[in-house]
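Read through the structure below, which is laid out as structure tokens, and then see the notes.
One-based numbering, in listed order, for ligands and for the atoms of each.
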Amino acid sequence: MGHRALIFDSGMGGLSVTDHIRRETPGLSLTYVADDMFRPYGSKSAAALRARLPGLLATLEIAVRPDIIVLACNTASVTALDVIRDAVRAPVVGVVPAVKPAAQESRTRTLAVLGTPGTVKRQYVDDLIANFAGDCRVLLQGSTALVALAENKMSGRKVDMDILRREVSPLFEGRFGADIDTVVLACTHFPLLMDELKSVTRQTINWVDSGQAIARRIKSLLLELPKDSREEPPDCALLIGPEAAPARRRIFAQYGFGKVVGLYP
Ligand code: DGL
């Protein structure tokens, strides 16, 4: 009895947020949905995401009946939060790049936003920078390959460090790269690669993501919502696409999703 949250991402990136949510709101029932069939979101057009996501989330809302929807995907949030909110009844919390805390913490006033190509080119991010980091130099870097590397890691496969280095090094080797002291991990997949990212970065970096802030926001929103009396089912993960491979199931189980179901649309 209590509340249920629907956590949504294109893949396993939302698991980096799930950890924070479990710590902040123990006992909250969670249903995780990964849109495997349409990943990566970061290379899709805004029009394609705005066409797909409202209907999909509205359908999932009917099936899962969550009290709150967590859009654990920066790309989806900065592209389609408005149309998704219009399509569903539950409150929607969107994960967006943590530009504000990063700007507050940067001493060199030089920070980077490392997200998907889709995220770093959206107006939403330009507005965040203008509003909260106006006195900072902000370097933008988009990567789709890092999403695939995070998915590989979460499926028990090796992370190709050459690719990882290739994706990240232009940021630090370019003009002003040496001044960067803070990097916004603006894709929920990227905190899953924290150890690997640290291992290829020579300078000391404060890596900032939105997980903790989102978990606090969810907790405070839930305090305002009435609890219902239905018996909550065990936490489960729904994958839009084929069944999960055993290694992927094991990772979901480690994050508390003992049941993993493939949904064939
Ligand atoms: N995890 C997602 C994000 O936060 C998107 C990854 C992708 O599918 O490109 O942006």
Does NZ belonging to Lys153 count more than 12 external heavy atoms closer than 6.0 Å?
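It does: Lys153 NZ has more than 12 such atoms within range.
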Would you say CZ of Arg65 has more than 12 non-hydrogen atoms from neighbouring residues, nucleotides or ligands within 6.0 angstrom?
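No.
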Does either side chain, that of [X] or that of [Y], offer a donor lying less than 3.5 Å from an acceptor on the other one?
| X | Y | answer |
| --- | --- | --- |
| Thr119 | Asn74 | no |
| Thr75 | Thr116 | yes |
| Asp235 | Tyr32 | no |

Atoms in ligand 1 flagged as close to [X], the criterion being non-hydrogen separation under 4.0 Å:
| X | result |
| --- | --- |
| Asp9 | 1 (N), 2 (C) |
| Ser10 | 5 (C), 6 (C), 7 (C), 8 (O) |
| Arg39 | 8 (O) |

Within-shell test, Cys73 vs ligand 1, heavy atom, strictly < 4.0 Å:
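For ligand 1, residue contact (heavy atoms, under 4.0 Å) with Cys73 is present.
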Would you check whether [X] has a nitrogen or oxygen atom less than 3.5 angstrom from a nitrogen or oxygen atom of ligand 1?
| X | answer |
| --- | --- |
| Asn74 | yes |
| Gly13 | no |
| His189 | yes |
| Thr119 | no |

Answer yes when [X] and [Y] have at least one side-chain N-carboxylate O distance shorter than 4.0 Å, and no when they do not.
| X | Y | answer |
| --- | --- | --- |
| Arg39 | Glu151 | yes |
| Arg165 | Asp160 | no |
| Asp35 | Arg52 | yes |

Name the closest protein heavy atom to [atom], giving the residue it belongs to and the distance to 0.1 Å.
| atom | value |
| --- | --- |
| atom 7 (C) of ligand 1 | Tyr41 N, 3.2 Å |
| atom 10 (O) of ligand 1 | Thr75 OG1, 2.6 Å |
| atom 9 (O) of ligand 1 | Gly42 N, 2.8 Å |

At under 4.0 Å between heavy atoms, which part of Thr188 makes contact with ligand 1: side chain, backbone, both or neither?
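Both backbone and side chain of Thr188 come within 4.0 Å of ligand 1.
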